[in-house]
*Asks:* 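Sharing a structure, written as structure tokens. Questions coming.
A note on names: the letters A, B, ... follow the listed sequences, proteins ahead of strands, and every chain is numbered from 1. Treat the numbers as computed from the prediction; the structure is a model and nothing was measured.
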2 protein chains.
Amino acid sequence: MCSEVSETAARELAPIAHHRRIPVGQVIHSEHQGLGSLAIIVSGVVKLVKAQRDGRLQIVGLQYAADFVGHPYAAKSSLIAEATTHLELCCFSRSAFETLMRNHPTLEQALYRRALNDLETAREWMFLLGRKTAREKVASLLVSIATRINRPLGGVGATAGKMALQFDLPLSRNEIADALGLTIETVSREMRSLKLAGVVSTAGRRSVTVLNPDLLRTIAEGDLD
Amino acid sequence: MCSEVSETAARELAPIAHHRRIPVGQVIHSEHQGLGSLAIIVSGVVKLVKAQRDGRLQIVGLQYAADFVGHPYAAKSSLIAEATTHLELCCFSRSAFETLMRNHPTLEQALYRRALNDLETAREWMFLLGRKTAREKVASLLVSIATRINRPLGGVGATAGKMALQFDLPLSRNEIADALGLTIETVSREMRSLKLAGVVSTAGRRSVTVLNPDLLRTIAEGDLD
DNA sequence: CGGCTTATTGACGTTGCTCAAACATGGTGG
DNA sequence: CCACCATGTTTGAGCAACGTCAATAAGCCG
């Protein structure tokens, strides 16, 4: 499950874990009422949202299967973690997990690497938010989701790097807008424009098929309009 | 120096450290030629920049005195770290440092906490980039710099939380624009607007005096225009 | 099929960008 | 010490990308 952790640690991890099913829209962690627990995602997608009193939202992270939600030792995080799809979690009590961490440097290190990974992802996203056009933003998100959505728990195996050609969006238009720093109308228009350009096609509200992956990636990187 | 690390670790750290002085504009780390070393900033400011082939830039992090530059175990970071002011560094060879880390869980944990801190900062910045107006962005950056610029190596002591009322910007207008996802002209106009509103005053290109800290903070948080 | 939510589309407005010109600033050499 | 220059900054006018508001259409569930 936690594939990069040593055998012995994994064996000690198992007993303190418990499985949970979470419906769409449920809050996992929040500023004021954290579940107090840490979790690994078995299936589904979690959004990390930063909110302001006036209602402005920004999604600052998406976590997929095999990702960790919640940070040990973390102070107040001022983040809301919410299920954007139906969710299966593998939860650990915070205290039990932190105790275990102290005895297993491997585990500690694995978490550290995850944090560095999240940091790298966040900084990539900062570039997108600050410097990309609406069209590039939408294309980038599609690439990012297509690359991650079907990667199973097993680890960084076969499907790594390759993107799914067909998948279901784990986000509503509203959530896409909040992830990209756009409005829902602009997202809609750019999606249409990508469809007209023959880059993607859609069916229903959520299903997306990437017809031209190379072109989509090129647009996402801004090498083309 | 590394104030949150245990005494014994600090004593082992000292011999492998060496001091360096860096002029403005020098690259500390980059995608292709990393110095291979890690460093703690003694004085000065480092910007972390993400660049695209077409010349677009986004500053994704600022590191001040007492901050760490470079991540142990990190893969390729695709980041450029550059001195925005004259700099004094306390450098460690990557390998020596990583060896030391393995023997001192305290050190490992300190680095982990730093990474979580950077992550929190990055996500705060994502909100700014995605959802704040130009005016709020400029005000936010001024608050952020004013809060951090004069915090000495000693740690999170007296000056924590309080912001300096007068300070020198560690960034040029161009760098400010690249940090905020704006153009230099917009930065200039918003600075003027803040001056006209009596919130700040400036002298020369770099010196800033905050005349009304509460108002500046209010503007930064978007509770007001 | 009916009703509700979510998404699309269109017309229009505004913020921030582009291009261009004038202006400080701070360093250098006379 | 001052004039001069290079560079960085400010300011202005016009424009484009994206946001706002409002109406319509498509999905989805009972």
*Asks:* Heavy atoms, side chains only, cut-off 4.5 Å: are A:L79 and A:V49 in contact?
*Replies:* no

*Asks:* Should B:R192 be listed as having a side-chain N or O under 4.0 Å from OP1 or OP2 of D:dG12?
*Replies:* yes

*Asks:* To the nearest Å, give me how far apart CD (A:E136) and C1' (D:dC18) are.
*Replies:* 14 Å

*Asks:* Nearest-Å distance, CG (A:L182) to C1' (C:dG16)?
*Replies:* 15 Å

*Asks:* Could you run through nucleotides 18-25 of chain C and give me one letter per nucleotide, 5' to 3': B if any protein heavy atom sits under 4.0 Å from the base, S if only the sugar-phosphate is that close, - if neither?
*Replies:* BBB---BB

*Asks:* Is there a donor-acceptor pair closer than 3.5 Å between any side-chain N or O of B:W125 and the backbone N or O of B:A179?
*Replies:* yes

*Asks:* Does the side chain to side chain contact (heavy atoms under 4.5 Å, CB included) test come out yes or no for B:T84 and B:V24, once each step is laid out?
*Replies:* CA-CA 5 Å; B:T84 69; B:V24 176; over 6 Å; no

*Asks:* Which heavy atom of B:R151 sits nearest a heavy atom of B:T147, and at what distance?
*Replies:* NH1-O, 3.6 Å

*Asks:* Return the set of residues passing side chain to side chain contact (heavy atoms under 4.5 Å, CB included) with B:A220 (not counting sequence neighbours), or none when no residue passes.
*Replies:* B:A139, B:S140, B:V143

*Asks:* Between A:Q58 and A:D178 (side chain of the first, backbone of the second, donor and acceptor by atom type, cut-off under 3.5 Å), is there such a pair?
*Replies:* yes

*Asks:* Quick one: list whatever passes side chain to side chain contact (heavy atoms under 4.5 Å, CB included) with B:Q52, sequence neighbours left out.
*Replies:* A:F127, A:K132, A:E221, B:D54, B:R56

*Asks:* Would you please classify the geometry between the B:F68 ring and the B:F92 ring as parallel, tilted or perpendicular, with 30° and 60° separating the classes?
*Replies:* parallel

*Asks:* In whole angstrom, what separates A:R173's CZ from D:dC18's P?
*Replies:* 18 Å

*Asks:* Could you state the atom-to-atom distance from CG of A:L180 to C1' of D:dG19 in whole Å?
*Replies:* 15 Å

*Asks:* Roughly what angle, to 10°, lies between the helix axis at the start of the helix from C:dC1-D:dG30 to C:dG30-D:dC1 and the one at its end, five pairs per end?
*Replies:* 40°

*Asks:* Can you check the B:N174 CG to D:dT7 C1' distance for me, whole Å?
*Replies:* 11 Å

*Asks:* Using whole Å, report how far NZ of B:K132 lies from C1' of C:dG16.
*Replies:* 18 Å

*Asks:* Rounded to the nearest Å, what distance is computed from the CG atom of residue A:L169 to the P atom of nucleotide D:dC28?
*Replies:* 12 Å

*Asks:* CD1 of A:I184 versus P of D:dT20: gap in Å, rounded?
*Replies:* 12 Å

*Asks:* Decide yes or no on side chain to side chain contact (heavy atoms under 4.5 Å, CB included) for A:L216 and A:L211, but give the supporting numbers first.
*Replies:* CA-CA 9 Å; A:L216 185 62; A:L211 302 173; over 6 Å; no

*Asks:* Under 3.5 Å, is there a donor-acceptor pair between the side chain of A:E136 and the main chain of A:T133?
*Replies:* yes

*Asks:* Heavy-atom nearest nucleotide on DNA chain D for A:V187 versus B:L171: which residue maps closer to 5'?
*Replies:* B:L171

*Asks:* Could you pick out which residue, B:R131 or B:M191, lies toward the 5' side of DNA chain D when each is mapped onto its nearest nucleotide?
*Replies:* B:M191

*Asks:* List for me each residue that meets side chain to side chain contact (heavy atoms under 4.5 Å, CB included) alongside A:S43, sequence neighbours excluded, and say none if there are none.
*Replies:* A:E88

*Asks:* Tabulate atom names and distances for all N/O pairs under 3.5 angstrom spanning the protein and nucleotides 2-5 of chain D.
*Replies:*
none

